[in-house]
Structures are given as structure tokens and as C-alpha cells.
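As the structure is a computational prediction, the values presented were derived from the model and not from experiment. In listed order, ligands and their atoms are each counted from 1.
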Amino acid sequence: MAIERTFSIIKPDAVANNNIGAIYNRFETAGLKIIASKMVHLSKEQAEGFYAEHSERPFFGALVAFMTSGPIMVQTLEGENAVLAHREILGATNPAEAAEGTIRADFAKSIDENAAHGSDSVASAEREVAYFFSAEELCVRTR
Ligand code: UDP
């Protein structure tokens, strides 16, 4: 099994609902180690840049408005097969379709306010981690 890094966002809805600790607990229970973490309030430009691949989609404007509506928590998580492991505990994009017990099933109310983000591949994770964290901010966890 490969040790990977992945990128996570706790979105404005889940921060506003005071679900940061509950969602961090899901990461730790799943064996994912938090190696960097901070709260940020994205500018429009930062949100547009992060979601650039969706810029032609009809929901892009609403997505950017939502992601800039309040502070978010950004994390880098590390663990065995972290990208897939994190996507599994996150659940489907639409919380109505998310498996029971997943973060989106338990903390999200709709597809456009869906509580959390997780990188969908190792390549995306590398780009997304670097979008928010410098190399110096990524801590080494030996235990
Ligand atoms: N999204 C939305 N409406 C849609 C599809 C997606 O608002 O019909 C938003 C939603 O917040 C989602 C994000 O766009 O998390 C990125 O979409 P993607 O398909 O990459 O889903 P994810 O990887 O987040 O599960």
C-alpha cells in the first residue's frame, strides 16, 4: 500500500454548522493523519482558480459564491491510499446519493452545499495541496 497525501476542504456550510471537529474525527478514525491545517476565507479569485476546471459548468458562479461566503478549513491528509480512502469517507458529490455514514450524508444538505471537498486523484492532490500550502507548512508525522 502506498502512503499518499490528499487535500481536503471543510466548506463554509460545515464550518458555519460547527462541524469542524466532527469531520476531523472522521479523518482520524479512518487513519488519515492531518499534516497541515488552516482556516482561510477565499477571495473570488482564489475560489475561481481552485475550481478552474469547472469554469464552463453552469453551476460555476454559484459554486464560487458559496465557497467565498464564509471561512473554510483546508487540510493536507496523509495515509495509506489517502486519496481513495478520503473519497470513500467523503461520499458522493450529491449528499442524497452518498452512502450512509459518510461525511456528505451526515453533514451536507445539497449538491451545491456539500460540506467538504476531497482530491479525486494523486495528481489533483499535488496541485491542490500546493495551491494552499508551502512545502514548509507540511509537517512530518513519524507517529
Ligand atoms: N457542484 C454543484 N453542482 C453540481 C455539481 C457540482 O454545485 O451539479 C459543486 C459541488 O460543490 C462539488 C463541486 O462542484 O463538490 C465540484 O464538483 P465535482 O464533480 O468535482 O465533485 P466532487 O469531486 O467535489 O465530489
Side-chain angles (χ1 to χ4, degrees), residues 1-139 141:
M1 288 247 204
I3 298 293
E4 293 174 350
R5 287 176 177 174
T6 192
F7 178 71
S8 152
I9 299 177
I10 300 178
K11 294 186 179 184
D13 56 332
V15 172
N17 291 332
N18 269 354
N19 291 142
I20 297 169
I23 295 174
Y24 272 27
N25 188 37
R26 302 288 177 98
F27 300 153
E28 295 189 318
T29 301
L32 294 166
K33 290 181 190 291
I34 300 164
I35 64 163
S37 164
K38 60 189 170 190
M39 181 175 276
V40 295
H41 194 147
L42 294 180
S43 67
K44 185 166 180 279
E45 291 68 29
Q46 284 175 309
E48 286 173 347
F50 182 76
Y51 281 116
E53 69 184 283
H54 295 304
S55 63
E56 303 304 319
R57 309 278 290 275
F59 57 82
F60 185 66
L63 175 60
V64 170
F66 168 59
M67 291 301 293
T68 57
S69 68
I72 60 173
M73 292 296 301
V74 294
Q75 296 72 230
T76 300
L77 308 176
E78 189 174 78
E80 285 184 0
N81 291 329
V83 172
L84 185 59
H86 180 221
R87 291 286 289 195
E88 282 180 357
I89 62 167
L90 192 56
T93 308
N94 185 349
E97 294 164 7
E100 202 177 319
T102 58
I103 291 168
R104 283 168 166 166
D106 291 344
F107 300 109
K109 78 166 205 271
S110 67
I111 190 168
D112 45 23
E113 297 202 4
N114 62 1
H117 164 86
S119 308
D120 62 5
S121 67
V122 171
S124 300
E126 280 177 16
R127 180 188 74 80
E128 292 172 2
V129 167
Y131 196 83
F132 284 97
F133 294 106
S134 66
E136 298 73 44
E137 287 178 297
L138 302 171
C139 292
R141 294 274 309 262

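Side-chain contact check for Ile23 versus Met73: every heavy-atom pair is 4.5 Å or farther apart. Residues Gln75 and His86 form no side-chain contact, since every pair of their non-hydrogen atoms from C-beta on lies 4.5 Å or further apart. Using a 4.5 Å cut-off on side-chain heavy atoms (C-beta onward), Ile9 and Phe50 make contact. Between Val15 and Met39 the shortest side-chain heavy-atom distance falls below 4.5 Å.
Atom OG of Ser37 sits about 9.0 Å away from atom CG of Leu77, to the nearest 0.5 Å.
Shown in contact with Leu63 at under 4.0 Å from a heavy atom are these atoms of ligand 1, numbered in order with element: 9 (C), 11 (O), 14 (O). The contact set between ligand 1 and Asp112, taken as ligand atoms under 4.0 Å from a residue heavy atom, comprises 7 (O).
Contacts between Arg57 and ligand 1 below 4.0 angstrom, taking non-hydrogen atoms only, are absent altogether. Counting heavy atoms under 4.0 Å from ligand 1, residue His54 touches it through the side chain alone. Contacts between Ile111 and ligand 1 below 4.0 angstrom, taking non-hydrogen atoms only, involve backbone and side chain alike.
Residues Ala47 and Met67 share a closest heavy-atom pair of CB-CB, 4.4 Å.
Scanning the protein heavy atoms around atom 23 (O) of ligand 1, the nearest turns out to be Arg87 NH1, 2.9 Å. Scanning the protein heavy atoms around atom 25 (O) of ligand 1, the nearest turns out to be Thr93 OG1, 2.5 Å. The shortest contact between atom 4 (C) of ligand 1 and any protein heavy atom is with Phe59 CD2, 3.5 Å. The closest protein non-hydrogen atom to atom 15 (O) of ligand 1 is Asn114 ND2, 2.9 Å. Nearest protein heavy-atom neighbour of atom 11 (O) of ligand 1: Lys11 NZ, 3.1 Å.
Ring pair His54/Phe59 is tilted by interplanar angle, where 30° to 60° counts as tilted.
Ligand 1 has an N or O atom lying under 3.5 Å from an N or O atom of Arg104, backbone or side chain.
In summary, the aromatic rings of Tyr51 and Phe66 are positioned with their centroids too far apart to meet the 6.0 Å limit.
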